[in-house]
Amino acid sequence: MYKKLKNKIIINNTKDFCPTHIFECGQFFRYKKSKNVFEILSKNYQAKIIEQNDSIEIKSDNVDYFEEFFDLNTNYQLIKKSLNKDAILKPAIEFGYGIRILKQDLFEMIISFIISANNNIKRIQNSIEYICKTYGTKCNEFYAFPTSSQLVKADETSFKLAGTGYRARYLVDTISKINSNEFDLQYLNTLPTNEARKYLITLSGVGPKVADCILLFGMHRLDVFPVDTWIEQSYKSYFSNDNISRNSISKLLCEKYKELAGYAQQYLFYYQRSFIKKGTKDEKTK
DNA sequence: AGCCAGGCCCATT
DNA sequence: AATGGGCATGGC
């Protein structure tokens, strides 16, 4: 459980909330870590997450936003208990026990995950930070994520300066569609997951995987299973099936994990990526 | 130095 | 519907 005060939230149950797991499992890009403090930015809000001995403090002027952002009223014990029955997920959950799926801003997720395609996380973070500093509203010590009307002023050259490479023209096209309301975010929110997925894919730079990330992180639709290179590697290492497509993997695992698919995917992604980072690919046994 | 990254677009089949 | 080549550019 947690305690909500005027300018901070105190979390005592640290086995369902680990800042490192939450921010480094690939769902979130705007954070900086120093010692035991994460400084995080979402939309036009800021918070500092402070790890103490047996508790965690979320300091912010907008505690209501971050209470929702961290999805503090969802019981992760139940989710993990259910997913732990799966032999493949068990070690992944043990490793990333403190992961939570954040409730992030939809427009911010669309832009961020268009940038993410065939890219690495460091470079994605740098591009997003540049875009915020160049086009976002300055709020004291930080820059907000720009709105669509702020970003519509950026052209292809500007996005290349941000380091987004060939995705620059996708961004220009998609931002224009959203800002003109030719693509309707409100309507998107009313659609069931499969319909919303199809609609998202009509956006330039949005394919099946990016759409799934937008659904999962920007719309909190948990019945999706984004398959990227890491998940593909993971799947093939377990099932040694080299000729299966990413779409088929996604379909299969959605059917397997159903309404918990999004959670399952995050545990697996974080687990798989941890091996490569340490260069201990072969440590994983079966 | 050279391969790879939270894949997508587009042309073929 | 499924497959494959091309793609910008920084990280490691």
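In what follows, chains are A, B, ... by sequence order, proteins preceding strands, each numbered from 1.
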Original post:
What is the nucleic acid contact for A/Q266, judged by heavy atoms within less than 4.0 Å: base, sugar-phosphate only, or nothing?
Top reply: base

Original post:
Looking across every strand, which nucleic acid part, if any, lies under 4.0 Å from A/I121 by heavy atom: base, sugar-phosphate, or nothing?
Top reply: sugar-phosphate

Original post:
Rounded to the Å, how far apart are A/W230 CH2 and B/dG7 C1'?
Top reply: 15 Å

**OP:** For A/V227, report the nucleic acid contact type (base, sugar-phosphate, nothing); a contact means any heavy atom under 4.0 Å.
**Re:** nothing

**OP:** Identify the nucleotide, in any strand shown, that forms a Watson-Crick or G-U wobble pair with C/dG5, with both distances under 3.5 Å; if there is none, say none.
**Re:** B/dC9

Original post:
So, is A/R246 near the phosphate of B/dG7, with a side-chain N or O under 4.0 Å from OP1 or OP2?
Top reply: yes

Original post:
What's the CG-C1' distance between A/N119 and C/dG6, to the nearest Å?
Top reply: 16 Å

**OP:** Determine whether any donor atom in the side chain of A/Y166 lies under 3.5 Å from an acceptor atom in the base of B/dG7, or the reverse, and answer yes or no.
**Re:** yes

**OP:** Report the distance from atom OH of A/Y170 to atom C1' of C/dC7, rounded to the nearest whole Å.
**Re:** 7 Å

Subject >> Rounded interatomic separation in angstrom, taking CG from A/L171 and P from B/dG7 >> reply: 15 Å

Subject >> Parallel, tilted or perpendicular, as decided by the 30° and 60° cut-offs, for the rings of A/F95 and A/H21 >> reply: parallel

**OP:** Using both distances under 3.5 Å as the test, list the Watson-Crick or G-U wobble partner of C/dG11, or none.
**Re:** B/dC3

Subject >> Shortest side-chain distance from A/A117, nucleotide among C/dT3, B/dG7, C/dT9 >> reply: B/dG7

Original post:
Looking at the side chain of A/R123, which of C/dT3, C/dC7, C/dG10 is the nearest nucleotide?
Top reply: C/dG10

Subject >> A/F159 CZ - B/dC8 C1' separation (whole Å) >> reply: 17 Å

Original post:
Which is true for A/F28 with a 4.0 Å heavy-atom rule: it touches a base, it touches only sugar-phosphate, or it touches nothing?
Top reply: nothing

Subject >> Rounded distance (Å) that lies between atom P of C/dT9 and atom CZ of A/R167 >> reply: 10 Å

**OP:** Take A/P226 and A/I201, find for each the nucleotide of DNA chain B with the closest heavy atom, and name the residue whose nucleotide sits nearer the 5' end.
**Re:** A/P226

**OP:** Would you please indicate if the ring centroids of A/Y187 and A/Y199 are separated by under 6.0 Å?
**Re:** yes

Subject >> B/dA1 to C/dA8 separation - P atoms, rounded to the nearest Å >> reply: 24 Å

Original post:
Taking the side chain from A/K80 and the backbone from A/Y97, do they hold a donor-acceptor pair closer than 3.5 Å?
Top reply: yes

Original post:
Just how far, in rounded Å, is C1' of C/dA8 from CG of A/N126?
Top reply: 15 Å

**OP:** Please work out if A/I214 contacts a base, only the sugar-phosphate, or nothing of the nucleic acid, heavy-atom cut-off 4.0 Å.
**Re:** nothing

**OP:** Could you tell me how the ring of A/F70 sits relative to the ring of A/F66: parallel (under 30°), tilted (30 to 60°) or perpendicular (over 60°)?
**Re:** tilted

Subject >> A/F23 and A/F38 aromatic ring geometry - parallel, tilted or perpendicular at 30°/60° bounds >> reply: tilted

Original post:
For A/K122 and C/dC12, is the shortest distance between a side-chain N/O and OP1 or OP2 below 4.0 Å?
Top reply: yes

**OP:** Tell me whether the centres of the aromatic rings in A/Y235 and A/F239 are closer together than 6.0 Å.
**Re:** yes

**OP:** Check whether any side-chain N or O of A/Q272 sits under 4.0 Å from OP1 or OP2 of B/dA5, and answer yes or no.
**Re:** no

Original post:
Centroid-to-centroid, A/F269 to A/F225, below 6.0 Å?
Top reply: no

Original post:
Which is true for A/G205 with a 4.0 Å heavy-atom rule: it touches a base, it touches only sugar-phosphate, or it touches nothing?
Top reply: sugar-phosphate

Original post:
Base, sugar-phosphate, or nothing: which does A/T164 touch, judged by heavy atoms less than 4.0 Å apart?
Top reply: nothing

**OP:** Mind calculating the distance between CG (A/L200) and P (B/dG7) to the nearest angstrom?
**Re:** 17 Å

Original post:
Among C/dG11, B/dC10, B/dG7, which is the nearest nucleotide to the side chain of A/R169?
Top reply: B/dC10

Subject >> Comparing A/G163 and A/N243 on DNA chain C - which has the more 5′ nearest nucleotide >> reply: A/N243

